[in-house]
Each structure stands twice: as structure tokens, then as C-alpha cells.
Visitor: 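Quick one: this structure, given as C-alpha cells, is what I'll be asking you about.
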Amino acid sequence: MTETLESIAQAMVAPGKGILAADESSGTIKKRFDAINVASTEDNRRDYRELLFRTDEAMQKYISGVILFDETIRQKAKDGTPLVDLIKKAGAIPGIKVDAGAKPMAGFPGETVTEGLDGLRERLAEYYDLGARFAKWRAVIDIGDGIPTNACIEANAEALARYAALCQEAKIVPIVEPEVLMDGSHTADRCFEVTEATLRTVFNRLALHNVKLEGTILKPNMIVSGKKCPTQAGVEEVAEKTIACFKRTVPAAIPGIVFLSGGQSDEDATAHLDAMNKIGGFPWKMSFSYGRALQAAPQKAWAGKAENVPAAQKAFLHRARMNSLATLGEWQSSLEKSA
Ligand code: 5MM
């Protein structure tokens with residue numbers, strides 16, 4: 001079959017499958033390794049990611065694609081096999097994070113704009129040759145006193161649209177990730193308001209830049225209460241509000257919405273996704289592109305020790321399976337307890 005943007009995007013949200021976000025940049029993976037007392041060396045990062053990509057059952061049955069960091073897309077497994085080949089062998093699609101990070105926005109204290117457009121055309125061509133068929137760019141929108149400003153939302157949406165257009169020119173599917181952070185004490189309704197405004201602007205800019213929606217995947221936050229909000233929205237409320245917000249703002253031509261976990265507990269991230277799919281009645285696939293909610297458990301089980309690799313793989317398989325069930329609305333909390 002000829003590979004098109006549409007066929008790649010459809011494969012990324014194939015039934016029962018979702019994306020493993022393993023694109024932690026150097027600073028973030030160091031933070032994750034610090035938490036398990038593992039030194040963030042090139043070999044340790046390789047060993048850890050290799051154990052994930054060699055979890056055959058998880059990769060073959062539940063993972064449609066993996067988002068990689070620049071180092072990882074060039075890295076080889078201990079036996080010399082390129083890590084990208086392990087991913088492809090499992091039937092998953094390699095992807096690449098191409099943004100250069102969220103940087104303080106001049107004139108707008110407390111807000112950031114994501115950089116990385118300079119030289120992006122050339123980098124995308126190289127990543128295509130290295131095997132990437134989709135990419136990811138994350139914009140960060142924080143909620144606080146007087147923020148986000150329209151200027152911050154507009155600047156980030158414009159960058160996302162320019163990135164997405166360059167990806168499609170390079171035959172690479174863009175994952176468009178505008179993340180409204182769950183840090184802070186705001187309510188779920190405030191999260192709704194900001195996410196709605198953000199998504200409206202993002203889809204406006206995607207249209208302005210002639211981005212083909214059929215070949216684009218959206219990676220958003222769910223509508224949740226801020227972590228420090230005294231009243232926390234329950235599972236049903238999160239599911240209903242998230243669906244309502246997306247029905248208002250996300251065109252039906254988008255093949256899939258793959259959520260980020262954003263600091264939710266593993267089980268909350270699964271329960272919310274499951275509740276949305278149990279409700280159903282929306283035009284897009286709703287799946288996952290979790291980083292922390294797929295990796296926290298295997299990282300803890302691994303703790304940098306070779307003898308813990310089977311336990312870490314078991315933990316990764318379990319989370320991948322639970323989230324796969326959630327994409328079908330077939331998860332139950334009892335499955336967590338029995339495991
Ligand atoms: C895996 O974390 C990704 C990379 O973050 P940095 O650029 O800060 O290192 C991150 O973009 C991730 O893909 C998404 O935020 C989703 O991850 P979570 O952990 O929120 O599910």
C-alpha cells in the first residue's frame with residue numbers, strides 16, 4: 001500500500017492502539033532517572049529505552065508508534081541493532097520530537113513560546129531518512145493570574161501551524177500538542193475555558209497555513225481540575241467536559257485525538273480515557289500518547305538494574321494493555337487490582 005499522510009495518521013490511531021511518548025529531552029530524562037537513583041548516561045538511557053522497545057507483546061499489540069528524542073532515533077541497541085529497527089520490527093511507527101522546547105516569551109512574564117522552526121525543513125528531511133513518519137511539537141499554556149494571554153496562545157498556535165505545514169511537506173504526520181498545564185489551583189471549568197480558546201486558535205492557524213487535517217493528529221490535555229484545586233472533578237465529569245470541549249472545537253476531519261497524561265496518576269489517565277470511550281458518540285478516535293502514565297511503573301520496577309528488566313517489561317505491558325482497553329471503553333478498575 002502506498003504510504004500517505006492519511007494512512008500513517010490512521011495507523012497511529014488503529015483500534016486498541018496508542019502512542020508511547022518516550023521523547024524526554026536530556027533534562028527531563030535526568031529528572032526521571034534521578035527519581036530512581038539512576039545516572040543519566042547515554043548507555044543507561046539506551047538500556048532503559050531498549051527494554052521498552054523489546055517488550056514484544058506490548059509493542060506488537062498495544063503500541064502504534066513511539067515518539068523519540070534526537071539521541072534515541074540515532075541510537076543502537078546493545079547488540080548493534082538500531083533502536084528504530086526494534087520499533088519497526090514490532091510493527092510500530094517511529095516518530096520524533098522536533099521542537100526545541102518552551103522558552104520564556106519576551107514581554108510576557110510567566111508565559112512561554114515553543115521554539116524550533118529554524119532549520120526545521122532540513123531536520124525533517126534527515127529524520128525522514130532515519131525512519132520517522134510522524135513528528136511532535138509541544139506548546140505549553142499555563143493557567144494563572146492574568147494568564148494565558150491571547151498573545152501567548154496566538155504565538156504558540158502560529159508556531160504549531162508552521163511546524164505542521166513543514167511536516168506535511170516532508171511526508172511526516174504532525175502531532176500537534178497544545179498542552180494546557182494542570183499545575184495550579186484553577187477549576188476544571190477554567191481549564192475548559194482556556195482549552196477551548198486554545199484549540200479554536202490552533203485550528204484557525206492550521207487552516208490559515210493549509211494544513212491537511214486528515215493527515216494531522218491532535219495531542220491535547222483533558223479537561224481536569226488544577227492539581228491544587230480544592231475541588232477535584234471526578235472521572236465522569238472529566239470525561240463529559242473533555243468531550244464537550246472537543247466537540248466545540250476539533251473538526252471531524254481529524255482522525256484521532258491522543259491525550260497526554262500531564263501528571264495524572266497512571267490509573268486516572270486510564271480511567272478518564274476509558275470513560276470517554278464508554279460515552280462515545282464523537283467523530284475521532286480517542287487514544288493515548290502517554291509519557292509518564294506509561295513509564296512511571298516500568299521506571300520504578302527497573303531502577304537501573306539488569307535483573308529487573310523482566311519486572312519492568314511486565315509493568316510496561318500492564319499499563320499498555322490497560323490503556324489499550326481504555327481506547328475501546330473496555331477497562332475496569334478490577335483489572336488493576338488483580339494485576
Ligand atoms: C515524554 O515527555 C515529553 C517530553 O518532554 P520534554 O521535552 O520536557 O523532555 C512530553 O512532551 C510528552 O510527550 C507529553 O507532554 C506527554 O507526556 P505526559 O508525561 O504528559 O503523558
Side-chain angles (χ1 to χ4, degrees), residues 12 18-36 40 45 48-49 52-53 62-73 83 87 92-104 112-116 123 132 134-142 156 159-160 163 173-184 191 195 198 217-224 226-227 238 242 256-273 286-300 316 319-320 322-323 326-327:
M12 289 164 70
I19 291 167
L20 166 64
D23 59 312
E24 298 86 355
S25 50
S26 316
T28 306
I29 195 71
K30 183 175 180 315
K31 235 193 294 174
R32 306 278 179 263
F33 278 14
D34 283 349
I36 51 169
S40 184
R45 293 192 291 270
Y48 168 64
R49 285 167 172 149
L52 294 178
F53 307 157
Y62 309 128
I63 301 296
S64 57
V66 183
I67 316 175
L68 303 167
F69 183 54
D70 183 78
E71 174 185 272
T72 324
I73 201 169
L83 292 179
I87 295 168
I93 310 168
I96 181 78
K97 181 232 293 297
V98 299
D99 66 68
K103 304 285 159 61
T112 59
V113 62
T114 300
E115 294 185 352
R123 288 196 290 130
F134 69 91
K136 195 202 78 172
W137 177 291
R138 173 171 171 255
V140 180
I141 308 291
D142 206 353
N156 277 294
L160 277 168
Y163 140 82
V173 169
I175 293 187
V176 169
E177 180 181 5
E179 174 173 7
V180 176
L181 295 179
M182 62 184 288
D183 304 336
C191 175
T195 305
T198 301
I217 297 288
L218 178 69
K219 174 166 176 168
N221 53 286
M222 298 176 194
I223 306 301
V224 291
K227 273 187 210 150
V238 168
T242 304
I257 296 177
V258 294
F259 289 98
L260 57 92
S261 55
Q264 298 180 39
S265 72
D266 295 357
E267 208 169 315
D268 279 355
T270 306
H272 290 149
L273 180 61
M286 289 257 209
S287 183
F288 58 89
S289 173
Y290 295 158
R292 282 162 286 183
L294 276 174
Q295 296 190 62
Q299 277 164 10
K300 211 169 145 202
F316 174 45
R319 288 266 48 91
M322 293 299 102
N323 286 309
T327 67

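When a ligand or atom number is given, it counts from 1 through the structure's own listing order.
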Visitor: Which residue and atom name correspond to the protein heavy atom nearest atom 3 (C) of ligand 1, and how close is it?
Guide: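 Heavy-atom neighbour on the protein nearest atom 3 (C) of ligand 1: Asp23 OD1, 3.3 Å.
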Visitor: Using a 4.5 Å cut-off on heavy atoms from C-beta on, say whether the side chain of Leu68 contacts that of Arg49.
Guide: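 Heavy-atom side-chain distance check fails, nothing below 4.5 Å.
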Visitor: Any donor-acceptor pair under 3.5 Å linking the side-chain atoms of Gln264 with those of Tyr290?
Guide: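 Distance-only check fails for Tyr290 and Gln264.
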Visitor: So which protein heavy atom does atom 20 (O) of ligand 1 come closest to, and at what separation?
Guide: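 That would be Gly262 N, 2.8 Å.
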Visitor: For ligand 1, which atoms sit closer than 4.0 Å to a heavy atom of Glu179?
Guide: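 Within the 4.0 Å cut-off of Glu179, ligand 1 contributes 15 (O).
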Visitor: Go through ligand 1 atom by atom and flag the ones less than 4.0 Å from a non-hydrogen atom of Arg138.
Guide: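 Heavy-atom distances to Arg138 below 4.0 Å select 8 (O), 11 (O), 15 (O).
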Visitor: Mark the output for Lys97 as yes if a heavy-atom distance to ligand 1 is under 4.0 Å, and as no if none is.
Guide: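 Yes, that is the case, since the closest heavy atom of the residue is under 4.0 Å from the ligand.
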Visitor: Need the ligand 1 atom indices (1-based, order shown) with element for anything under 4.0 Å from a heavy-atom of Ala21.
Guide: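 Result: 1 (C), 13 (O).
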Visitor: Check each atom of ligand 1 against the heavy atoms of Tyr290 and keep those under 4.0 Å away; list them by number with element.
Guide: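 Going through ligand 1 atom by atom, the ones under 4.0 Å from Tyr290 are 21 (O).
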Visitor: Pairs of nitrogen or oxygen atoms closer than 3.5 Å, one from Ala22 and one from ligand 1: do any exist?
Guide: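 Among all N and O atoms of Ala22, none is under 3.5 Å from an N or O of ligand 1.
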Visitor: To which protein heavy atom is atom 17 (O) of ligand 1 closest, and what is the distance rounded to 0.1 Å?
Guide: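 It is Gly291 N, 3.6 Å.
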Visitor: Give the atom numbers and elements of ligand 1 that come within less than 4.0 Å of a heavy atom of Glu24.
Guide: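 Heavy-atom distances to Glu24 below 4.0 Å select 1 (C), 4 (C), 9 (O).
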Visitor: Kindly identify the option in Lys136, Arg292, Lys219 whose heavy atom sits closest to atom 10 (C) of ligand 1.
Guide: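 Checking each option, the heavy atom nearest atom 10 (C) of ligand 1 is found in Lys136.
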Visitor: Please determine, by modelled atom types, if Ser40 and Arg45 share a side-chain donor-acceptor pair under 3.5 angstrom.
Guide: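 The answer is yes; a qualifying pair exists.
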Visitor: Tell me the closest heavy-atom pair linking Lys136 and Ile67, and the distance in Å.
Guide: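 That would be CD-CD1, 3.6 Å.
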Visitor: Please report which non-hydrogen protein atom sits nearest to atom 15 (O) of ligand 1, along with the residue it belongs to and the distance in Å to one decimal place.
Guide: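 Ranked first by proximity to atom 15 (O) of ligand 1 is Glu177 OE2, 3.1 Å.
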Visitor: Checking Glu24 against Arg32 for the salt bridge (charged side-chain N to carboxylate O under 4.0 Å, His left out) test, could you report, in this order, the C-alpha distance in whole Å, the side-chain angles of both residues, the deciding distance, and whether it holds?
Guide: CA-CA 9 Å; Glu24 298 86 355; Arg32 306 278 179 263; 5.0 Å; no
Visitor: Are any side-chain N or O atoms of Arg319 and backbone N or O atoms of Ala297, one a donor and one an acceptor, separated by less than 3.5 Å?
Guide: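 No, the answer is negative, given that no donor and acceptor are paired below the 3.5 Å cut-off.
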Visitor: State, yes or no, whether a side-chain contact exists between Pro174 and Trp137 at a heavy-atom distance under 4.5 Å.
Guide: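 Contact flag for Pro174/Trp137 side chains = no.
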Visitor: Regarding atom 6 (P) of ligand 1: of the candidates Thr114, Val140, Thr28, which has the closest heavy atom?
Guide: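 Comparing heavy atoms across Thr114, Val140, Thr28, the nearest one to atom 6 (P) of ligand 1 lies in Thr28.
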Visitor: Could you tell me, atom by atom, which parts of ligand 1 come under 4.0 Å of a heavy atom of Ser261?
Guide: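 Those atoms are 18 (P), 19 (O), 20 (O), 21 (O).
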Visitor: State which residue, out of Val66, Ile175, Ile93, Ile63, fulfils the side chain to side chain contact (heavy atoms under 4.5 Å, CB included) condition with Ile19.
Guide: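 Among the candidates, only Ile175 passes.
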Visitor: Out of the candidates Thr242, Thr198, Thr195, only one should pair with Asn221 under the side-chain hydrogen bond (donor to acceptor under 3.5 Å, both in side chains) rule; please name it.
Guide: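 When Thr242, Thr198, Thr195 are each tested with Asn221, the side-chain hydrogen bond (donor to acceptor under 3.5 Å, both in side chains) holds only for Thr195.
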